[in-house]
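Quick caveat, the model's predicted, so the values are computed rather than measured. For the numbers below, each heavy atom of this structure counts, side chains included, while hydrogens, waters and symmetry mates do not. Just so it is clear: chains get the letters A, B, ... in the order the sequence lines come, proteins before strands, and each one is counted from 1.
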2 protein chains.
Amino acid sequence: MASKLLMEKGLSDVGRGKGAGQREPSRALEPVNNRMPISPQIYERLRRAITTLVMLPSEALSEQDLAQQLGVSRTPVREALIRLADEGLIDILPQRGSFVAPIRLSDVEEAQFIREALEVSVVQRLAGHASQAFIASVRANLEMQRKAVAEGDRELFLELDEAFHRRLCEEAGLPRSWRVIQVVKLQMDRVRYLSLPEPGHLETLLAQHVEIFEALEAGEAKQAGARMTAHLREVLRTVQRLNLARPDFFGR
Amino acid sequence: MASKLLMEKGLSDVGRGKGAGQREPSRALEPVNNRMPISPQIYERLRRAITTLVMLPSEALSEQDLAQQLGVSRTPVREALIRLADEGLIDILPQRGSFVAPIRLSDVEEAQFIREALEVSVVQRLAGHASQAFIASVRANLEMQRKAVAEGDRELFLELDEAFHRRLCEEAGLPRSWRVIQVVKLQMDRVRYLSLPEPGHLETLLAQHVEIFEALEAGEAKQAGARMTAHLREVLRTVQRLNLARPDFFGR
DNA sequence: TGATACACACTACCATGGTAGTGTGTCAAT
DNA sequence: ATTGACACACTACCATGGTAGTGTGTATCA
């Protein structure tokens, strides 16, 4: 039973606090929509537990257990599991059980394909149409990335990395595309989480970000796309190494 | 109250029958996984009701009502609604109500963008790598499309159209990509459902299918991609017309 | 007439009980 | 030692009760 582990890693005690770490705006008279249902919160926690490998691939779950550990009833847990199954992070076998999906090479490769198709199109659309505010904010982001790398703060770098890619979609006016990317990216997040402690890796990623940005700023659509392709394919190298190092995480 | 309408259109009486019209294989010793939970069936029915405009945009729903009309409890209905909300077909306002999402121009356009990015990549990857079995099956599909057009069977043509595009993804070994396309396509399906009775439209689509196929067969990746782009953009013309004809279906 | 307090009728939401289906271990018979 | 039957523990699944939150209509007061 892995319940203790989950507890210690901070899975329990939901609490009706604020949603995903958003900054509190200093303006009064906000829409007050903080009364968020807890079901999405459960989803969020479980998703994080999976992508950070707190819950290991192929591990058996159960609505009952998770509900107890999280301190809520089975219903919101079940709803979260269904959603995670939709996204391919969990396999639900009717009347048998729910299991953390093993890392499937085919899924990772296809996620890579989807992400590449979308993000390349995004930067190509964006090239030459970037606003000044956008340029400035991305430049600031890249500067923070540089600091994170210098300080060796991998966690922070990951967040900035994500923000960088999300920002591109937002500027292009494509929020739903980012949602899709976010979902398929989940397949790779587990891989990346393991692969971080590789020397020089963060530097490579940062350099690629800068190159993409420069092509974008210069309005060179084709080059921006090509560089994005090269950048995203970095992950594939990682998954190959990991497949050899930890074959027990992988499945059919 | 639109309950009567829904009943008559075949929304009620779920029944634990077979899943989505699959052919029964004549081999013994099959996995027998026909004991499908009814929750996905409810989802399927609601989805169809929305895309075929049995349930109109902005129409108010309620777990309670739907459960009664469908003859099941509120739980599977709720689960279906959550999934539909995830896919952007339903807006759930906590503690207030659930509503069929209005057709949003921005959503339709972005769905178009996503689909284009993906499907163009698919045909480019596929060009020149198509198996003989694939060539044959697509050829058969196109022949059936021709018949459907000749007989003016719009419903059948839509199915064959969908099968055509799905087949491309399958042959490319990209089932998840088809899933993504399927989801974003939902945004356009409502539009298409209204726009069918336009003279010469089916002929145009069929001709485009043939052109894509020929480029694919000839291994001309670039041209296949270009033709797919042109093909998919047909929908945009439709949505513009419809926006003028039925502005009440559209929202923010 | 206009604004305000309030009761009511809804909603989605979470909790919980009951059930059919499935795997597993135990024990008997071969 | 292998196989088979059977009881049991476990699962996801659906049904249903209770509750907090929200909009709306309706009296009451200025």
- request: Taking only the side-chain heavy atoms of A:R74 (C-beta and beyond), determine which of D:dC13, C:dC13, D:dA15 contains the nearest atom.
  value: D:dC13
message: With a 4.0 Å cutoff (strictly under), does any side-chain N or O of A:S73 reach OP1 or OP2 of C:dA15?
response: yes
task: Check whether the side chains of A:E116 and A:Q112 place a donor and an acceptor atom closer than 3.5 Å, and report yes or no.
output: yes
query: Any chance the side chains of B:R192 and B:T238 put a donor and an acceptor closer than 3.5 Å?
result: no
message: Under a 4.0 Å threshold between the charged nitrogen and the carboxylate oxygen, would A:R48 count as salt-bridged to A:E44?
response: no
Got a list of side-chain donor-acceptor pairs under 3.5 Å for residues 173-181 of chain A, not counting sequence neighbours?
{"residue": "A:S177", "atom": "OG", "partner": "B:E110", "partner atom": "OE2", "Å": "2.9"}
{"residue": "A:R179", "atom": "NH2", "partner": "A:E87", "partner atom": "OE2", "Å": "3.4"}

- request: Whole angstrom is fine here: how far is it from CG in A:L93 over to C1' in C:dG23?
  value: 12 Å
message: How many whole angstroms separate atom CD1 of A:I38 from atom P of D:dT19?
response: 17 Å
Rounded distance in Å - CD (B:E79) to P (D:dA15): 10 Å
message: If I take atom CD in residue A:Q41 and atom P in nucleotide C:dC13, what distance separates them, rounded to the nearest angstrom?
response: 13 Å
For nucleotides 7-11 of chain D, print each protein N/O atom paired with a nucleotide N/O atom at under 3.5 Å, atom names and distance only.
{"residue": "D:dT11", "atom": "OP1", "partner": "A:S62", "partner atom": "OG", "Å": "3.3"}

- request: Please state how far atom CZ in B:F99 lies from atom C1' in D:dT22, giving the value in whole angstrom units.
  value: 11 Å
query: Would you call B:R83 and B:E79 a salt bridge, taking side-chain N to carboxylate O under 4.0 Å as the test?
result: no
- prompt: Under 3.5 Å, is there a donor-acceptor pair between the A:E171 and A:S131 side chains?
  reply: yes
- request: Return the 5'-most residue of the pair A:T75, A:L81 with respect to DNA chain D, ranking by each residue's nearest nucleotide.
  value: A:L81
field: Rounded interatomic separation in angstrom, taking CE from A:M36 and P from C:dC14
entry: 11 Å
- request: Answer yes or no: is there a side-chain heavy-atom contact under 4.5 Å between B:I90 and B:L46?
  value: no
field: Side-chain N or O of A:R78 closer than 4.0 Å to phosphate OP1/OP2 of D:dC13
entry: yes
- prompt: How close or far is atom P of C:dA15 from atom CD of A:Q68, stated in whole angstroms?
  reply: 13 Å
